[in-house]
Amino acid sequence: MAAMTLYQSVGTLQSCRNNGNSGLCPDYGHVSFRSVSKGFKVDVGLLRGGSFCSRKRSTCVIQASASQATVFDEASAPSSATTSDSNKKTSEAALILIRHGESMWNEKNLFTGCVDVPLTTKGVEEAIEAGKRISNIPVDMIYTSALIRAQMTAMLAMTQHRRKKVPTIIHEESEQAGAWSQIFSEDTKMQCIPVVTAWQLNERMYGELQGLNKQETADKYGSEQVHEWRRSYDIPPPNGESLEMCADRAVAYFTEHIEPQLASGKNIMIAAHGNSLRSIIMYLDKLTSQEVISLELATGIPMLYIFNEGRFIRRGSPPAPAEATVYAYTKKLAQYRQKLDDNV
């Protein structure tokens, strides 16, 4: 798809000894195309214009071979592993963030916010493509917003996963809903991935702008006013949420419910929205309020973080099967990918 081809991995290999941030650089061995000295990291982020680049000023465009990034799935680790490295305890876990594919109101250039609209055909294709990019990355739990476009994205993405586990939505809206959706086969449970829906991960509520055409709104209120509503951190539209208000609920939910799961070793995927994900990335990357307002996330492009010993290490976007990649492997990432390949 044309939208996908705009995205190339751009990153900075940066010495941990010189960046004053050595705590963020555990021993990750090598990137996929060649060895990289210990003490280096790949720091990749997503910015405006559809490219990946470091927050540092020195960057390099990265091109290369057709392979996908992978992460270690503790539940699927080779049982025969007996080396000292394999026996070391680790809290390493993968965190995948995906903004939903194009919605029908994205296509119509309408303010969507918390209005519950589905994906377009293009959005469905973007979700499937996102699934191909993460098909080698273990997923133990999925969190989505309460909105159908995020849920569709998560479900469609998982149809491409090589483990072929089935995402199943956990219904806790009532005691009866929970009872009626129980699974009574332990074998079947082992082949399912629980999906938790949370309104706290919903898109920013745009108040009286919801349903309005963005260009017509600019004509009515003035482009500067609309830009302020959309891109300021703490100024909400009429009867709506500012990004700050959205961040308050999204980050609180992440730290209370999702981060403990990562700390326990579970690999997590979050399918949500531009503003709720920007809020979470602000927390993960320790961005300022000025930095986060310029952060743009494309629809259907997954981003990967590694959670290790209480820290989040950004790894960029997993490459598509037919795209070039320079994607930093940990030792356990390679183990998981090798296990999947061996089972083909």
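For the side-chain hydrogen bond (donor to acceptor under 3.5 Å, both in side chains) with Thr299, the lone residue among Glu102, Glu126, Arg99 that qualifies is Glu126. With respect to Ile96, the side-chain contact (heavy atoms from CB on, under 4.5 Å) criterion is satisfied by exactly one of Ile268, Ile270, Leu304: Leu304.
Taking a 6.0 Å sphere around CD of Glu173, one finds it holds more than 12 heavy atoms contributed by other residues, nucleotides or ligands. By the 6.0 Å contact criterion, NZ on Lys189 is enclosed, its count of non-hydrogen atoms from other residues, nucleotides or ligands being greater than 12. A 6.0 Å sphere centred on NE2 of His257 holds more than 12 heavy atoms belonging to other residues, nucleotides or ligands. A 6.0 Å sphere centred on NZ of Lys220 holds no more than 12 heavy atoms belonging to other residues, nucleotides or ligands. With a 6.0 Å radius and a threshold of 12 heavy atoms from other residues, nucleotides or ligands, Met104 has its CE atom at or below the threshold.
Side-chain atoms of Arg204 never come within 3.5 Å of backbone atoms of Cys246 as a donor-acceptor pair (strictly under, hydrogens ignored). Panel note: side chain Asn239, backbone Glu208; no donor-acceptor pair is recorded below 3.5 Å. Listed for the Arg278 side chain is a donor-acceptor partner under 3.5 Å among the backbone atoms of Val292. Using a distance-only test at 3.5 Å, with no hydrogens or angles considered, no donor-acceptor pair links the side chain of Asn213 to the main chain of Leu110.
Using cut-offs of 30° and 60° on the angle between ring planes, the pair Tyr283 and Phe312 is perpendicular.
One distance of note links CG of Leu284 with CG of Leu277; it measures 10.0 Å at 0.5 Å rounding. Expressed to the nearest 0.5 Å, how far CD1 of Ile142 lies from OG1 of Thr168 amounts to 8.5 Å. To the nearest 0.5 Å, atom CD of residue Gln151 and atom OG of residue Ser145 are 6.0 Å apart.
Side-chain rings of Trp229 and Tyr206 stay apart, their centers remaining 6.0 Å or farther from each other.
Between Val117 and Thr112, the closest side-chain pair of non-hydrogen atoms falls below 4.5 Å.
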Output, in order, the C-alpha distance, side-chain angles, deciding distance and verdict of salt bridge (charged side-chain N to carboxylate O under 4.0 Å, His left out) for Glu203 and Arg149.
CA-CA 11 Å; Glu203 179 58 287; Arg149 57 192 185 272; 5.2 Å; no

